[in-house]
Amino acid sequence: MRFIVEESLYLSNRTLSLDDRTHEYLLSVSVDESVLLRELREQTAAENQFSVMQISPEQGQFMALLVKLTGARRALEIGTFTGYSSICIANALPDDGELVCCDNSDEWTAMARQYWERAGLQDKIKFYLQPAEVTLQQLLDDSLAGSFDFIFVDADKQNYPLYYEQSLKLLRKGGLLAVDNTLWSGSVADPENMEPGTRAIRRFNEMVKNDNRVTKSLVPIGDGLTLVVKGFE
């Protein structure tokens, strides 16, 4: 009986908080990061002061798994930065799959385009260099509503509600929407933090929580990843 009690102390009814040692162990047994992706991550960290915006290797691998699990053939990314997440998504699509990328920074996406070519993905990715809301509306105007299987949102937080509504229109029934940074480094849980980005994420989280059109779950990976499945009704 004593052994059973001691073993039960290691069980948890809440998500484990990862220290550096545990995180390194997670990476060592779970993540198969390619040499090219590692190089992209390291180059971004060395050359871009905003490298913190890049997703973690474990999140990239998790999203690639989601793409494969959903059988996605057509995907959309809102916010590309230097290209790490787009490579993860595009690689997970079938040979005839397509990823549409939206970003308005020519400087940041120059690195992405370089790495897409090195990865042999340039023919699989269609890139729009303009504000995302313009691209999303253009896709809707081109009668592409309900045509995307998987959508990833990782862009300016103030526009999350707009991107969310446009994405739901573009997503097929039963399709999966993934929205990044929804834990915002824990700031969303601090009532004294009233920074614009924090308030925007709080509003978005409440919006999704109260949306009965979808099934949702906020997964504590990276900086928080909200997963939304569009309903069939």
Side-chain angles (χ1 to χ4, degrees), residues 11-20 22-23 26-27 30-31 50 52-72 75-81 84-86 88-89 92 102 132 136 148-233:
L11 303 179
S12 176
N13 61 359
R14 59 182 291 173
T15 301
L16 180 69
S17 177
L18 300 183
D19 56 23
D20 289 344
T22 307
H23 181 249
L26 180 152
L27 294 178
S30 174
V31 176
F50 299 104
V52 68
M53 297 194 308
Q54 190 173 74
I55 66 169
S56 65
E58 63 268 31
Q59 182 176 335
Q61 182 158 309
F62 178 61
M63 292 200 306
L65 177 64
L66 293 176
V67 170
K68 287 184 177 291
L69 284 173
T70 57
L76 170 65
E77 178 180 75
I78 304 169
T80 294
F81 193 39
Y84 193 100
S85 55
S86 58
C88 292
I89 295 169
C102 312
L136 298 180
F148 288 89
D149 306 298
F150 179 85
I151 299 177
F152 177 50
V153 179
D154 185 13
D156 52 308
K157 312 314 170 189
Q158 301 290 344
N159 275 324
Y160 265 24
L162 174 61
Y163 299 152
Y164 179 73
E165 291 297 338
Q166 289 178 309
S167 293
L168 284 183
K169 293 176 183 177
L170 289 163
L171 198 64
R172 66 165 171 82
K173 294 179 180 179
L176 180 63
L177 170 65
V179 184
D180 201 25
N181 303 120
T182 49
L183 287 177
W184 207 230
S185 299
S187 297
V188 287
D190 179 3
E192 296 184 2
N193 189 318
M194 299 301 289
E195 293 293 325
T198 304
R199 294 170 62 189
I201 292 294
R202 284 198 194 108
R203 287 194 300 271
F204 173 76
N205 287 340
E206 287 296 322
M207 176 182 178
V208 176
K209 176 186 175 182
N210 296 316
D211 189 353
N212 58 15
R213 299 170 297 174
V214 300
T215 303
K216 57 270 187 178
S217 180
L218 200 170
V219 180
I221 189 171
D223 194 29
L225 184 68
T226 293
L227 301 179
V228 172
V229 176
K230 182 177 177 178
F232 287 91
E233 296 183 1

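Counting begins at 1 with the first residue of the sequence. Computed from a predicted model, the values in this text were never measured in an experiment.
- For the pair Val219 and Thr226, the minimum side-chain heavy-atom distance is 4.5 Å or more.
- The shortest distance between side-chain heavy atoms of Gln158 and Arg199 does not fall below 4.5 Å.
- Nearest heavy atom pair, residue Ala200 against residue Lys157, reads CB-O, 3.8 Å.
- Here the side chain of Lys230 pairs no donor or acceptor atom with the backbone of Arg172 at under 3.5 angstrom.
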- Task: Kindly indicate, with the supporting measurements, whether the criterion side-chain contact (heavy atoms from CB on, under 4.5 Å) is fulfilled by Asn181 and Met53.
- Result: CA-CA 9 Å; Asn181 303 120; Met53 297 194 308; over 6 Å; no
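- Put simply, the side chain of Leu176 does not reach to within 4.5 Å of the side chain of Asp149, judged on heavy atoms.
- Expressed to the nearest 0.5 Å, how far CG of Leu227 lies from CD1 of Ile221 amounts to 9.5 Å.
- Atom CZ in Phe148 sits 12.5 Å away from atom CG in Leu177 (nearest 0.5 Å).
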- Using the side-chain contact (heavy atoms from CB on, under 4.5 Å) rule, take Val228 and Thr215 through it: C-alpha gap first, then chi angles, then the decisive distance, then the call. CA-CA 6 Å; Val228 172; Thr215 303; over 6 Å; no
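- The shortest non-hydrogen separation linking Leu136 to Cys102 is CD2-SG, 4.5 Å.
- To the nearest 0.5 angstrom, Phe150 atom CZ is 11.0 Å from Ser167 atom OG.
- Summarising the local packing, CG of Asn210 is surrounded by more than 12 heavy atoms from other residues, nucleotides or ligands at distances under 6.0 Å.
- Contact of the Asp180 side chain with the Gln59 side chain is registered, since non-hydrogen atoms from C-beta on lie closer than 4.5 Å.
- The OH atom of Tyr164 sits 12.5 Å away from the CD1 atom of Ile78 when rounded to the nearest 0.5 Å.
- At a threshold of 4.5 Å between non-hydrogen side-chain atoms, the residues Ile151 and Tyr163 do not count as touching.
- Under the 3.5 Å distance criterion, the side-chain polar atoms of Gln61 are matched with a main-chain donor or acceptor of Ser30.
- Contact of the Phe152 side chain with the Ile55 side chain is registered, since non-hydrogen atoms from C-beta on lie closer than 4.5 Å.
- Remark: side-chain polar atoms of Ser187 are paired, donor with acceptor, to backbone N or O of Trp184 under 3.5 angstrom.
- When atom types are taken as modelled, the side chain of Thr22 and the backbone of Leu18 share no donor-acceptor pair closer than 3.5 angstrom.
- Across all non-hydrogen atoms, the minimal contact from Phe81 to Phe50 is CZ-O, 3.3 Å.
- Taking OG from Ser86 and CD from Glu77, the interatomic distance works out to 5.0 Å, rounded to the nearest 0.5 Å.
- Shortest non-hydrogen contact noted between Met63 and Leu225 is CG-CD2, 4.2 Å.
- Although no hydrogens or angles enter the test, the distance criterion places no donor-acceptor pair under 3.5 Å between the side chain of Thr198 and the main chain of Met194.
- Taking CD1 of Ile201 as the start and OG of Ser185 as the end, the distance is 10.5 Å to the nearest 0.5 Å.
- Contact detail for Gly222 and Ser56: the closest heavy-atom pair is CA-OG, 4.2 Å.
- Listed here is the closest heavy atom pair of Leu218 and Gly224: CD2-CA, 4.1 Å.
- Evaluation of the salt bridge (charged side-chain N to carboxylate O under 4.0 Å, His left out) test over residues 207-229, restricted to residues two or more places apart or in two chains, returns Glu165-Arg213, Asp211-Arg213.
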